[in-house]
2 protein chains.
Amino acid sequence: MVNYRQDRLDRTFSALVDPTRRAMLARLERGDGLTVSELAQPFEIKLPAVMKHLDVLDEAGLIVRSKSGRTVTVTLSPEPMREAMDWLSRYERFWAPRLDRLAAYAEAEEAKARRRGK
Amino acid sequence: MVNYRQDRLDRTFSALVDPTRRAMLARLERGDGLTVSELAQPFEIKLPAVMKHLDVLDEAGLIVRSKSGRTVTVTLSPEPMREAMDWLSRYERFWAPRLDRLAAYAEAEEAKARRRGK
DNA sequence: TCTATAGTTCACCATATGGTGAAGTATTGG
DNA sequence: CCAATACTTCACCATATGGTGAACTATAGA
């Protein structure tokens with residue numbers, strides 16, 4: 001298929017399809033700042049495959065790699081997930097049938113936050 | 001099976017990668033219950049391609065098809081998205097470092113732990 | 001009954017994805 | 001300097017994905 005312009009949401013979702021990549025992200029969530037080999041260690045796959053996964057995550061903007069000497073530290077940068085959650089949240093009403101109550105709760109929380117001075 | 005949940009997440013995310021499929025779901029969200037040709041109408045692609053997209057959405061459990069006469073009505077069934085949102089919500093604290101969000105995160109984690117029976 | 005409509009299936013194609021082994025590039029440490 | 005370490009790049013492979021045209025099934029309507 002000819003992909004003229006793969007937008008951010010496309011890249012985010014396709015980065016999240018692969019369970020190896022999701023596991024890498026989950027690992028970084030539990031403890032951020034791992035080297036490439038630390039990240040690779042739990043998986044059966046060889047380093048070139050790990051590299052490709054890191055490239056996908058990097059291009060999706062979900063991780064940042066910083067080189068120091070011969071080691072590369074990978075850190076989480078999950079902001080693109082926010083857009084994905086926003087997209088999904090449109091469908092929330094289908095599984096959360098008491099939307100009015102939830103909306104009221106959210107509003108009350110916001111009011112509380114404002115009272116606290118944001 | 002142990003990997004059942006993971007397989008379902010795989011399928012959900014990979015169904016959501018394609019912008020055509022996301023547009024179809026969005027269309028159903030605005031007005032549920034469209035026939036195959038109504039769903040296909042806004043897109044440039046031919047019916048066989050539409051069929052494949054519907055198969056993917058169906059296998060991901062995101063739509064339901066019901067035949068009546070020679071027309072097939074497609075309805076939304078977005079429950080699998082809930083799991084995807086749950087997965088993403090772990091990362092929410094990275095872009096919303098507000099206290100109430102952190103509390104919600106901690107609560108969700110606790111609930112998850114309880115569900116696992118830990 | 002005959003034909004148009006609605007959808008489905010099939011064979012095929014180009015490109016993307018996720019993996020490999022082998023070889024290369026920097027750094028670090030002895 | 002030399003060897004081990006930590007990636008990185010390359011060529012290649014199998015399978016998946018998203019698309020097509022052609023042909024098919026089944027129902028609706030004149």
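Numbers restart at 1 for each chain; the letters A, B, ... are given by sequence-line order, proteins then strands.
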Can you run down the side-chain hydrogen bond (donor to acceptor under 3.5 Å, both in side chains) pairs that involve residues 72-83 of chain B, sequence neighbours left out, and say none if there aren't any? B:R8-B:E83, B:S77-B:E79
Would you mind reading off the distance between [X] atom [atom1] and [N] atom [atom2], rounded to a whole angstrom?
{"X": "B:K46", "N": "C:dG7", "atom1": "NZ", "atom2": "C1'", "value": "16 Å"}
{"X": "A:R22", "N": "C:dT17", "atom1": "CZ", "atom2": "C1'", "value": "15 Å"}
{"X": "A:D58", "N": "D:dC7", "atom1": "CG", "atom2": "C1'", "value": "15 Å"}
{"X": "A:D10", "N": "D:dT17", "atom1": "CG", "atom2": "P", "value": "16 Å"}
{"X": "A:L34", "N": "D:dA6", "atom1": "CG", "atom2": "P", "value": "14 Å"}
{"X": "B:F13", "N": "C:dG18", "atom1": "CZ", "atom2": "C1'", "value": "19 Å"}
{"X": "A:L47", "N": "C:dA22", "atom1": "CG", "atom2": "C1'", "value": "14 Å"}

Quick check against the 3.5 Å criterion: does [X] have a side-chain atom that pairs as donor or acceptor with the backbone of [Y]?
{"X": "B:Y91", "Y": "A:A26", "answer": "yes"}
{"X": "B:R21", "Y": "B:L16", "answer": "no"}
{"X": "A:Q41", "Y": "A:E38", "answer": "no"}

Applying side-chain hydrogen bond (donor to acceptor under 3.5 Å, both in side chains), can you list everything that pairs with A:R22, at least two apart in sequence or on another chain? B:D10
Which part of the nucleic acid does A:T35 contact within heavy-atom distance under 4.0 Å: base, sugar-phosphate only, or nothing? sugar-phosphate
Quick one, which residues of residues 50-57 of chain A touch DNA chain C with a heavy atom under 4.0 Å?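 Those residues whose heavy atoms fall under 4.0 Å from DNA chain C, taken from residues 50-57 of chain A in numerical order, are A:K52, A:H53.
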With a 4.5 Å limit on heavy-atom distance, are the side chains of [X] and [Y] in contact?
{"X": "B:V50", "Y": "B:F43", "value": "no"}
{"X": "B:H53", "Y": "B:I45", "value": "yes"}
{"X": "B:T35", "Y": "B:V74", "value": "no"}

Of D:dT8, D:dA6, C:dA6, the nucleotide closest to the side chain of A:T71 is D:dA6
Which residue pairs pass the salt bridge (charged side-chain N to carboxylate O under 4.0 Å, His left out) test with at least one member in residues 60-77 of chain B, sequence neighbours excluded?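 Residue pairs with at least one partner in residues 60-77 of chain B: B:D55-B:R65, B:D58-B:R65.
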Sort me out a list of protein N/O and nucleotides 23-28 of chain C N/O pairs below 3.5 Å, or just none if empty.
unit_1	atom_1	unit_2	atom_2	d
C:dT27	O2	A:R70	NH1	3.2
C:dT28	O4'	A:R70	NE	3.4
C:dT28	O4'	A:R70	NH2	3.3

For DNA chain D, which residues in residues 38-45 of chain A have a heavy atom at a distance below 4.0 Å?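 Residues of residues 38-45 of chain A under 4.0 Å from DNA chain D: none.
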Residue-phosphate contact under 4.0 Å: A:R65 side-chain N/O, D:dC7 OP1/OP2: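 No, A:R65 has no side-chain N/O under 4.0 Å of OP1/OP2 on D:dC7.
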Students often mix this up, so state it plainly: with edges at 30° and 60°, are the rings of B:F13 and A:F13 parallel, tilted or perpendicular?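 B:F13 and A:F13: tilted rings.
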Distance col, row B:L57:CG vs B:L25:CG, nearest 0.5 angstrom, shows 5.0 Å
Can you work out whether A:D18 or A:P48 has the more 5'-proximal nearest nucleotide on DNA chain C?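 Checking each residue's closest nucleotide, the 5'-ward one belongs to A:D18.
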